[in-house]
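Each chain gets a letter, A, B and so on, in the order its sequence line appears, and its residues count up from 1. Both backbone and side-chain heavy atoms feed into the values below; hydrogens, waters and symmetry mates do not.
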There are 2 protein chains.
Amino acid sequence: MGYQDEVFRKREQTLLATALKLFQKHGWEQVTVAQVADAAGIGKGTVYKHFATKDEIYARLALDFSQRCLEAYRRQGIGDQALASMRAVIRLSFDLMHQHPTEVQLSLHCERPEFQERLGPRFQSRFAELEVGYTRLFNELLEAAVARGEIPQVPIESVFWGIEAGFHGVMARVAAGGFGHWSTTPDMARYFDHVADFMIAGLLGASAIGATLERQGPNTEGEST
Amino acid sequence: MGYQDEVFRKREQTLLATALKLFQKHGWEQVTVAQVADAAGIGKGTVYKHFATKDEIYARLALDFSQRCLEAYRRQGIGDQALASMRAVIRLSFDLMHQHPTEVQLSLHCERPEFQERLGPRFQSRFAELEVGYTRLFNELLEAAVARGEIPQVPIESVFWGIEAGFHGVMARVAAGGFGHWSTTPDMARYFDHVADFMIAGLLGASAIGATLERQGPNTEGEST
DNA sequence: TGCCAACAATGACCAACAGTCATAATATGA
DNA sequence: TCATATTATGACTGTTGGTCATTGTTGGCA
């Protein structure tokens with residue numbers, strides 16, 4: 001049983017790698033299951049022994065990528081300058097996205113709620129877990145920044161959503177393959193630096209606002225117009 | 001010829017409205033062309049007299065929505081406090097997204113480059129034009145802020161991409177239908193306020209950074225760590 | 001080694017759907 | 001009223017995701 005199982009596992013990896021290669025070459029939407037099976041040297045029916053639907057292949061690739069990224073961010077660690085560490089993590093994530101545009105496209109595709117609904121709870125919870133992992137990482141970085149006195153104590157929501165939005169924006173841009181038809185076409189490195197700066201600036205500014213409101217009392221309807 | 005033409009035009013609007021209604025009810029991916037035709041009370045073949053592909057229906061809905069939004073932002077105008085006006089436009093856009101999640105989903109779908117490639121140049125240029133319209137609007141708001149002394153003169157790229165990323169993030173969140181499985185579940189209005197604050201804070205902070213670098217000389221490799 | 005049972009791989013097959021086109025219905029105009 | 005041009009239609013086609021009865025393979029046992 002052990003050996004067969006090993007073979008089975010190996011083939012799953014081969015399948016994923018083959019699928020990814022084809023997706024990169026021809027666009028993930030155009031590639032058919034039959035093509036993947038063919039390229040992997042197995043029958044089409046066998047693919048469905050590993051993945052219940054084509055969508056599961058997408059989901060696996062997206063999840064594995066996201067998982068590897070999270071691990072890479074964790075390896076980076078938190079230095080004695082917390083905001084600098086946060087910027088470094090942000091910048092690293094941009095670079096990883098840039099190196100793996102197909103995976104980013106798949107991630108965006110898989111994040112859609114109808115998609116996850118179709119996948120079933122097994123995968124939904126894996127996506128949810130990863131999201132928790134990312135939120136936790138951000139929280140740790142934020143708390144480190146507070147502990148080191150780089151930003152004031154502030155409720156996490158007042159900065160988290162802005163950061164999250166920034167990530168999504170860059171994902172969308174990377175998935176779109178850069179700047180295409182744009183008039184002002186910065187190279188990606190410059191673009192990444194601008195957005196990273198923007199996100200850190202937003203974090204600093206928003207946390208200052210948050211702290212002010214907090215001091216005035218949490219229930220203030222903060223319409224600063 | 002005039003009368004028939006009128007009928008034809010009317011039916012196109014009916015088709016789009018019917019399609020949108022079905023998309024809202026059953027999810028745009030699940031709805032078939034036959035269903036749309038049926039609900040509109042015409043034959044399936046007739047749909048293809050109006051739209052060359054199903055994707056063109058998506059594109060039309062996305063384009064029309066985006067166009068209407070841009071007009072709404074323009075109507076808002078620029079008051080004597082430019083940053084407040086910008087925040088108002090941002091906030092308005094969030095509200096419009098919130099009211100029209102299906103259109104937001106379609107917009108995200110249609111922005112993907114493979115999608116636009118398949119559509120052909122006719123539609124590609126319409127999307128590109130809209131993008132120019134948005135960039136121009138942002139530029140005007142930014143210049144007004146500079147003219148009123150609210151922020152220093154700064155190259156547009158150093159702030160534009162951050163803002164753009166923020167918009168995308170909110171679009172993704174709205175398309176995902178809010179916060180679903182989250183532990184901390186703010187209501188949408190609070191969420192929108194946070195992100196809007198974050199974006200304005202980022203704008204202020206990043207333009208300050210940009211101005212500093214500018215003063216030091218534009219070619220500085222600005223590695224502030 | 002030869003045989004059998006359990007298991008795995010396969011590709012012909014099915015259903016669903018986007019898109020086509022020959023034909024039917026309708027409008028136009030003399 | 002009839003002939004002709006125009007428009008609407010849904011049966012049809014090709015493609016693809018997914019299924020399953022059949023075929024092939026493996027491993028244990030006599």
message: Does anything in residues 10-25 of chain B come within less than 4.0 Å of DNA chain C? Heavy atoms only, and list the residues if so.
response: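 Hits under 4.0 Å, by residue number: none.
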- prompt: Under a 4.0 Å heavy-atom cut-off, which of residues 37-50 of chain A touch DNA chain C?
  reply: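 Listed by number, they are A:Ile42, A:Gly43, A:Gly45, A:Thr46, A:Lys49.
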Go through the structure and list residues passing ring-ring contact (aromatic ring centres under 6.0 Å, His included) with [X], not counting sequence neighbours.
X	answer
A:Phe123	none
A:His98	A:Phe192
A:Phe127	none
A:Phe138	A:Phe160

query: Does A:Ser207 reach the main-chain N or O of A:Leu203 with its side chain, forming a donor-acceptor pair under 3.5 Å?
result: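 Yes, the answer is positive, given that a donor and an acceptor are paired below the 3.5 Å cut-off.
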Rounded to the Å, how far apart are [X] [atom1] and [N] [atom2]?
X	N	atom1	atom2	result
B:Phe8	C:dT26	CZ	P	18 Å
B:Glu29	C:dC17	CD	P	13 Å
A:Tyr58	D:dG17	OH	P	7 Å
B:Asp55	C:dC17	CG	C1'	13 Å

field: side chain to side chain donor-acceptor pair (under 3.5 Å) against B:Glu111, all qualifying residues, sequence neighbours excluded
entry: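 B:Glu111 satisfies side chain to side chain donor-acceptor pair (under 3.5 Å) with B:His168 only.
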message: Tell me every residue that passes side chain to side chain donor-acceptor pair (under 3.5 Å) with A:Arg112, counting only those two or more places apart in sequence or in another chain.
response: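 Residues passing side chain to side chain donor-acceptor pair (under 3.5 Å) with A:Arg112: A:His109, A:Glu114, B:Glu29.
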query: Hey, can you pull the residues of residues 105-114 of chain A with a non-hydrogen atom under 4.0 angstrom from DNA chain D?
result: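 Residues of residues 105-114 of chain A that come under 4.0 Å of DNA chain D do not exist, since none gets that close.
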- prompt: Under the side-chain contact (heavy atoms from CB on, under 4.5 Å) test, which residues partner B:Ala17, sequence neighbours left out?
  reply: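 Expected list: none.
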message: Applying side-chain contact (heavy atoms from CB on, under 4.5 Å), can you list everything that pairs with A:Glu143, at least two apart in sequence or on another chain?
response: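 For A:Glu143 the side-chain contact (heavy atoms from CB on, under 4.5 Å) partners, ignoring immediate neighbours, are A:Asn139.
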Atom pairs and distances, donor-acceptor, side-chain atoms in residues 61-75 of chain A, under 3.5 Å, two or more places apart:
residue : atom : partner  : partner atom : Å
A:Gln67 : NE2  : A:Glu71  : OE2          : 3.4
A:Arg74 : NH1  : A:Glu140 : OE1          : 3.0

